[in-house]
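Down below is the structure, laid out as structure tokens.
Chain naming here is simple, since letters A, B, ... match the order of the sequence lines and numbering starts at 1 in each.
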Amino acid sequence: MQTVTFEKVEKALVAIRDTALANEQYFCELDGVSGDGDFGTSLATGWREIAAKWDDLDRTSIGHLLLAHAQVIASKVGGCSGPIWGTAFMRAGMVARDKTSLSPEDIEVMFEKAIEGIKTRGGAEEGDKTLLDALAPMSRTFSATKAGDAVLHACLQTAEEAVESAMALQARRGRQSFTGERSIGSKDPGMVAIALMTRNIAIALSGHE
Amino acid sequence: MQTVTFEKVEKALVAIRDTALANEQYFCELDGVSGDGDFGTSLATGWREIAAKWDDLDRTSIGHLLLAHAQVIASKVGGCSGPIWGTAFMRAGMVARDKTSLSPEDIEVMFEKAIEGIKTRGGAEEGDKTLLDALAPMSRTFSATKAGDAVLHACLQTAEEAVESAMALQARRGRQSFTGERSIGSKDPGMVAIALMTRNIAIALSGHE
Amino acid sequence: MQNKQKFVNDPVNVVPEMLEGLVLANPDTLEWVPEFNIIHVKGGADSARVAVIQGSGSGHEPAHVMAVGKGMLDAAVPGNVFAAPSMDQCLACIRLMNGPGGVVYIVNNYQGDRMNWDMAQEMAEMEGVKVGRVLIDDDVSVQDSSYTTGRRGVAGNFFAIKAMGAASQRGASLEELVAMGEKVNANVRSMGVSLSGCRPPAKDEPIFTLADGEMEFGVGIHGEPGRARLATKPADEIMADVFALVAGDLPLKQGDRVAVMVNGLGGTPIGELYLLYRKAAMLCAESGFEIVRNYVGEYCTALEMNGFSLTLLRLDAELEELLAAPAEVPIRVF
Amino acid sequence: MQNKQKFVNDPVNVVPEMLEGLVLANPDTLEWVPEFNIIHVKGGADSARVAVIQGSGSGHEPAHVMAVGKGMLDAAVPGNVFAAPSMDQCLACIRLMNGPGGVVYIVNNYQGDRMNWDMAQEMAEMEGVKVGRVLIDDDVSVQDSSYTTGRRGVAGNFFAIKAMGAASQRGASLEELVAMGEKVNANVRSMGVSLSGCRPPAKDEPIFTLADGEMEFGVGIHGEPGRARLATKPADEIMADVFALVAGDLPLKQGDRVAVMVNGLGGTPIGELYLLYRKAAMLCAESGFEIVRNYVGEYCTALEMNGFSLTLLRLDAELEELLAAPAEVPIRVF
Ligand SMILES: Nc1ncnc2c1ncn2[C@@H]1O[C@H](COP(=O)(O)OP(=O)(O)O)[C@@H](O)[C@H]1O
Ligand SMILES: Nc1ncnc2c1ncn2[C@@H]1O[C@H](COP(=O)(O)OP(=O)(O)O)[C@@H](O)[C@H]1O
Ligand SMILES: [Mg+2]
Ligand SMILES: [Mg+2]
Ligand SMILES: [Mg+2]
Ligand SMILES: [Mg+2]
């Protein structure tokens, strides 16, 4: 992987945004299986606000752009997702605070800090059937492949495999966990969102890889 | 009627006491028809206490003996009956405060004062289907016949007729009144008690009339 | 059969055990006379003042045993749950709290309470005790009811206690205290609404039940029926109806200065009481009644009934001063 | 569908309408920031003191909006009924109450509350604000529960507010306040029991229901399950069980000086709370724990739930002094 420019970061953020906006109903349906069915609405509410403020977001640096995201997400996204996603963007943003482009090593650290932040915030560990079960393996794949050109593709594959293999797990965090064993056998909405966002980022950036 | 001696007053009070003690269950059953079924217990509780203290009751005068009754009744008899019967004895006792025998005129005033007290205390009037509907006609009969010898018998007849004729009325005081029209057609327990006490007084005093 | 959804032991002991808890919680300020279930201020009658006392059924707490304290009641003598205190309880309380200037009792207009107190008063007077009486009948919802002739006495009672308690501290005579209580009663009106029944500890059944969507409009503090069984509606509309009846009965007029009480009947969250107060305050503002003091919380309850009552008191300078005077109650809030 | 047996208007407006009622009732001492539903002491942050703030779900009133006042909380920021305040509410409250010495927040150990407050704290720290945090987890009934990892934070919270509020009035620094809150938390334990469920205004169904003769032993303040669903029994026996678990967890030992709170969960008559306090006081006497202060009433509720919790706080000289310091709350009791 080469240095990631500000332009590419913006494209990735647009891909994340549009994934959240386009899948409101689908994510709610996934959450409805064993949770309270609000996950799609939570994400879409946050990113609608981001879309509305899009042109005015602080672009002093990549970090500031991510911190601007963090602020809106933490404020406007409900349920567990607000503080968790907000923390992820905030921790990643702190790493990139003074940067206008990112090295593979920067992204590696951002991944690690975001995951650490999610763990601190929500108290979850890998295996609890949350989006950590997608992000943590992705972060390991990234570290292992960051020198090569297929890194994005490898991360996507990891995420999609993680969604499938986590179906067998029982949720131990968030509202899904309230229904106990009923969560076994279904896809975790948070993980699905991560995988779909990664897919859309890969598509958006494929011309540049 | 001649002057009523202290001895006769005591006999009358014993007759009242024993009526209350002997009819606990009967009076409760009468009250159970449209009231809360406690009337017999209320009276018996009070007169059991009077019986227990019998020898120590203040006998300075007829009035004091009646006031001693009033005190026990007001303290120990529950429901509406405690304050109502207590008041009747108290008001009658006040009239006889300094007396060791009673003239027919004394008794006439005692009747009137007791009835007045009951009305003040409980707010009932004649026609509300309470013991007033026995006492008030008895008091009128007494006033009309007090010169003659058959006064006690006349009073008893008035009381027993009153019990019958009041059956058609609807109770408007005490717990009986809570059941509305259900009280129509049944005997009022308070009136029955008055009539029975009068009968037993008549029997007790018949040797002396 | 006993009601199992209550924190009680033998239902027969509910009142004494509650009173024992109350004095255990207030050892420095309260005393209990177990024989008559009298709660009085520590030390008993104050020879320099005329004592103000009250007694009525239990189940209305904090009324009245938790209103005993300096500047409030000198003593309270409760009967069993929803039952009047007996004559000898009332008489014992009068005797105990009697001082050189006599003693004044406050009684809510319920037949049982009145009969026992009136009787006790006559007995005490025969003993030479000077006794004053203040009758409270602030409930505008019904004229005659299951337990009363005339209007019922409910939460408005609190203002008589507060004003008379303060006046007693200032050395008012028996006659002045009675006049003060009568002034309060002449200027105070209340009305209650409930969304549920209530269930005395010794009873298996609720006193009445309401289906979802029903309310008892004008309910009494024992769950007695009020004006009508109506469909529930938004809180603001319920408050508007109650407010119109309470204010209209006095009647209040523009420019009047008032105290406003939104009293919880036992099972209503305090958050809802403040929500109801919001509307009452708005209605006062619209009507040009100036709120000088407000009271939101539980003052006179009906066990765990879900309901509230509104009380409006028309003030004058004297009442304002007495309501603002310091007072102590046995309920610690911080 | 809306719960019809509530005094509310549109359930969406329950919290703002309650807060509006609260400030209408306390115009001289409280202010409301409608945008973020913040209730704060009139005049806002005091530059000479470190403010103490709290925010959690609504439905627990008087906690915490009715604990705002001099010597208590400087501000409270409630979420919706049984829902944590959002991050931006918490952040707005931190910003508003920040002073030269920083600001300290108290948070009960519920996942939603913690996540939003922690997040707000990080954001505020990025802006250069000095923020102190005190976590309360006094409920001994369950280790992990529906809404928590670790123990829940419940009524014991009151003592942190009272001690920290008093310490703040005496000029304590942020570090001293945090240490004080942590000391309270280390010495306070609670447990609750309920005899009924509760029903949020926006819900058609109670959160849980109990049949006649059933109790939830160790219930949480949202109606979450506790240790076990058991058969009801006499109040003294229930209190004895709860007392043993609460005192045993600290553990208290003979000669300890304690504060005792019998807290109503919303639908329990205050008379029953005193009846329960009676047994708690007897158990303290038997165990050789000296009761220095007691608190009987509603401090932290679960809407109209019929239940109580017992809280025991082990005292030292410093805590005793802080608990006895004057404080003002917006609830008028006389
Ligand atoms: N404690 C946690 N840590 C990390 N992720 C979590 C946690 N709890 C829930 N999640 C993720 O959030 C998703 C649900 O989000 P959302 O519906 O907003 O939360 P809630 O459980 O409050 O309804 C889950 O699918 C899971 O991936
Ligand atoms: N207000 C009243 N005035 C006079 N007598 C009354 C009154 N109320 C009830 N009574 C009498 O008392 C009797 C019932 O007594 P009791 O059972 O002790 O009263 P309660 O109605 O309290 O249960 C009635 O039969 C009636 O004669
Ligand atoms: Mg969800
Ligand atoms: Mg959710
Ligand atoms: Mg009867
Ligand atoms: Mg009776």
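- To the nearest 0.5 Å, atom CD1 of residue Ile331(D) and atom CG of residue Leu273(C) are 10.5 Å apart.
- Of the charged side-chain nitrogens involved, none lies within less than 4.0 Å of a carboxylate oxygen, so that Arg293(D) and Asp28(C) do not count as a salt-bridged pair.
- Of all the heavy atoms in Tyr274(D) and Met18(C), the pair that sits closest is CB-O, 3.8 Å.
- Counting heavy-atom pairs under 4.5 Å between each of Glu214(D), Glu237(D), Glu298(D) and chain C puts Glu214(D) at the top.
- By number of non-hydrogen pairs under 4.5 angstrom with chain C, the leading residue of Val23(D), Ile291(D), Thr232(D) is Thr232(D).
- Within the 4.5 angstrom heavy-atom criterion, only side-chain atoms of Ile238(C), from C-beta onward, approach chain D.
- Between Lys6(D) and Asp212(C), none of the side-chain N atoms (NZ, or NE/NH1/NH2) sits under 4.0 Å from a carboxylate O, so this pair counts as no salt bridge.
- In terms of non-hydrogen atom pairs under 4.5 Å with chain C, the most contact-rich of Thr301(D), Leu303(D), Asn294(D), Thr268(D) is Asn294(D).
- Proximity to chain C is absent for every atom of Pro16(D), based on heavy atoms less than 4.5 angstrom apart.
- If you measure heavy-atom distances from Leu276(D) to chain C, the contacts under 4.5 Å come from the side chain alone.
- Put simply, OH on Tyr277(D) and CG on Leu24(C) are 6.5 Å apart, with the number rounded to the nearest 0.5 Å.
- Contacts between Val260(C) and chain D at a heavy-atom distance below 4.5 Å are absent for every atom of the residue.
- Rounded to the nearest 0.5 Å, atoms CD (Glu17(C)) and CD (Glu272(D)) are 11.5 Å apart.
- Highest contact tally toward chain D, considering only Gly271(C), Gly307(C), Gly69(C), Ala285(C), is held by Gly271(C) [criterion: heavy-atom pairs under 4.5 Å].
- By the 4.5 Å heavy-atom criterion applied to side chains, Asn13(C) and Leu275(D) are not counted as neighbours.
- Here the shortest heavy-atom pairing between Leu195(D) and Lys4(C) reads CD1-O, 4.4 Å.
- Looking at Ala259(C), there are no atoms closer than 4.5 Å to chain D (heavy atoms on both sides), in backbone or side chain.
- Atom CG in Asn9(D) sits 11.5 Å away from atom NZ in Lys233(C) (nearest 0.5 Å).
- Heavy atoms closer than 4.5 Å to chain D are found in the side chain of Ala281(C), but not in its backbone.
- Residues Glu20(D) and Met282(C) are in side-chain contact: their nearest non-hydrogen atoms beyond the backbone lie under 4.5 Å apart.
- Only the side chain of Met66(C) comes within contact range of chain D, with heavy atoms under 4.5 Å apart.
- Looking at Val193(D), the atoms closer than 4.5 Å to chain C (heavy atoms on both sides) sit in the backbone and in the side chain alike.
- Among Gly59(C), Gly213(C), Ala231(C), Ser58(C), the residue with the largest count of heavy-atom pairs under 4.5 Å with chain D is Gly213(C).
- The greatest number of non-hydrogen atom pairs below 4.5 Å with chain D, out of Pro234(C), Ala67(C), Gly71(C), is found for Pro234(C).
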